[in-house]
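Since we're looking at a predicted model, the values are computed, not measured. Excluded from the calculations below are hydrogen atoms, water molecules and symmetry mates; all remaining heavy atoms, backbone and side chain alike, are included. Here is how names work: the chains are called A, B, and so on, in the same order as the sequence lines, proteins then strands, and each is numbered from 1.
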2 protein chains.
Amino acid sequence: MIQRCDVKEVGGKSYRCFFELTMQVIGGKWKPVILYHLSQEKVLRFGALKKSLNGITQRMLTKQLRELEADRIVTRTVFNEVPPKVEYSLTELGESLIPIFLEMKKWGIRYEECIAGEVITGDTYESVDDPA
Amino acid sequence: MIQRCDVKEVGGKSYRCFFELTMQVIGGKWKPVILYHLSQEKVLRFGALKKSLNGITQRMLTKQLRELEADRIVTRTVFNEVPPKVEYSLTELGESLIPIFLEMKKWGIRYEECIAGEVITGDTYESVDDPA
DNA sequence: CGGTATCCCACGCGATACTG
DNA sequence: CAGTATCGCGTGGGATACCG
């Protein structure tokens, strides 16, 4: 029998299942792509990350990175140089997300094929409701 | 060298990596929990789903289910009865998401432990900045 | 270079009411 | 029971300007 899930809370996030909790950590408009790049490149400077995320504003990138840092997914390393230099990379906890990334990549490819295929097919219905 | 990802498009969603594409299909406030329940129960009536998602409005649930249906993740079966009866379940494509769910559940548990642990620990700092 | 500080808008999401 | 139809707000996200 299906039951109402209690709402739990951890690290300021409320969730009803672990699936949902994980989505709150890696979800949103930018985090998936940020994490994708970091998982590919190991370590990236702020500017490099910004260039690779075509279109993100500095404010947004900073905000996303701060959140990921608070969630212990990325580390932020500041070099006291002029000009300034800040590097980001995945923490151990962040790297433990990689199996998820791989599963999602596999599924994304499958989904793309599925949807792309469907546009063409259209079964063998005799044209229903097409007055043209 | 890191490069700008081109923005691709499929099924009305634009994305720069498959990870991001997948997130667009299963992300949002409600979809994770909806999918969680459907993956547990195989088939659920609209009302049962609504009861299990403590707090969702009818309008929202309908909207989320329609989107998942359009993305071929769930099927909608209408029974011509009085009172009406509509059942939802995962499609084959939807079921292929399950490996992702399992990875995310595993990670969510790990994350919870990690964050919960950190709140207590607080290293061995001599209480800094605590005038009480 | 790598950030804040303001200001602002779109839209995701919700509350409520009504219907076949 | 399983929906639409309206109305409306909060906030995720963006544009721009300035700072160490």
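For the pair A:Lys105 and B:Phe18, the cation-pi criterion (under 6.0 Å, within 45° of the ring axis) is not fulfilled.
We find that NZ of B:Lys63 is positioned 10 Å from P of C:dG14, with the value rounded to whole Å. Rounded to whole Å, the distance from CG on B:Leu49 to P on D:dC1 is 15 Å. Distance CZ (A:Arg45) to P (C:dC1): 8 Å, rounded to an integer number of Å. Atom P of nucleotide C:dC1 and atom CG of A:Asn80 are separated by 17 Å, given to the nearest angstrom. If you take CD of A:Gln24 and C1' of D:dG12, they are 14 Å apart, rounded to a whole angstrom.
Between A:Leu53 atom CG and B:Arg16 atom CZ the span is 6.5 Å, to the nearest 0.5 Å.
Between D:dT16 and A:Arg59, no contact under 4.0 Å exists linking OP1 or OP2 to a side-chain N or O. Applying the 4.0 Å criterion to OP1 and OP2 of D:dT4, one finds that B:Arg66 has a side-chain N or O inside that range.
Within the nucleic acid shown, A:Pro84 comes within 4.0 Å of at least one base atom, counting heavy atoms only. Contact annotation for B:Lys29: backbone-only contact, meaning every heavy-atom pair under 4.0 Å involves sugar-phosphate atoms and none involves a base. The residue B:Phe79 sits apart from the nucleic acid: no heavy atom pair falls under 4.0 Å.
One side chain, B:Tyr15 or A:Glu112, offers a donor N or O that lies under 3.5 Å from an acceptor on the other.
Closest to the A:Gln64 side chain, of the nucleotides C:dC1, C:dT4, D:dG13, is D:dG13. Nearest nucleotide to the side chain of B:Thr57, out of D:dA2, D:dT4, C:dG14: C:dG14. The side chain of B:Val86 lies closest to D:dA2, out of C:dG2, D:dA2, C:dG14.
Remark: the backbone N or O of B:Ile73 is paired with a side-chain donor or acceptor of B:Thr91 at under 3.5 angstrom.
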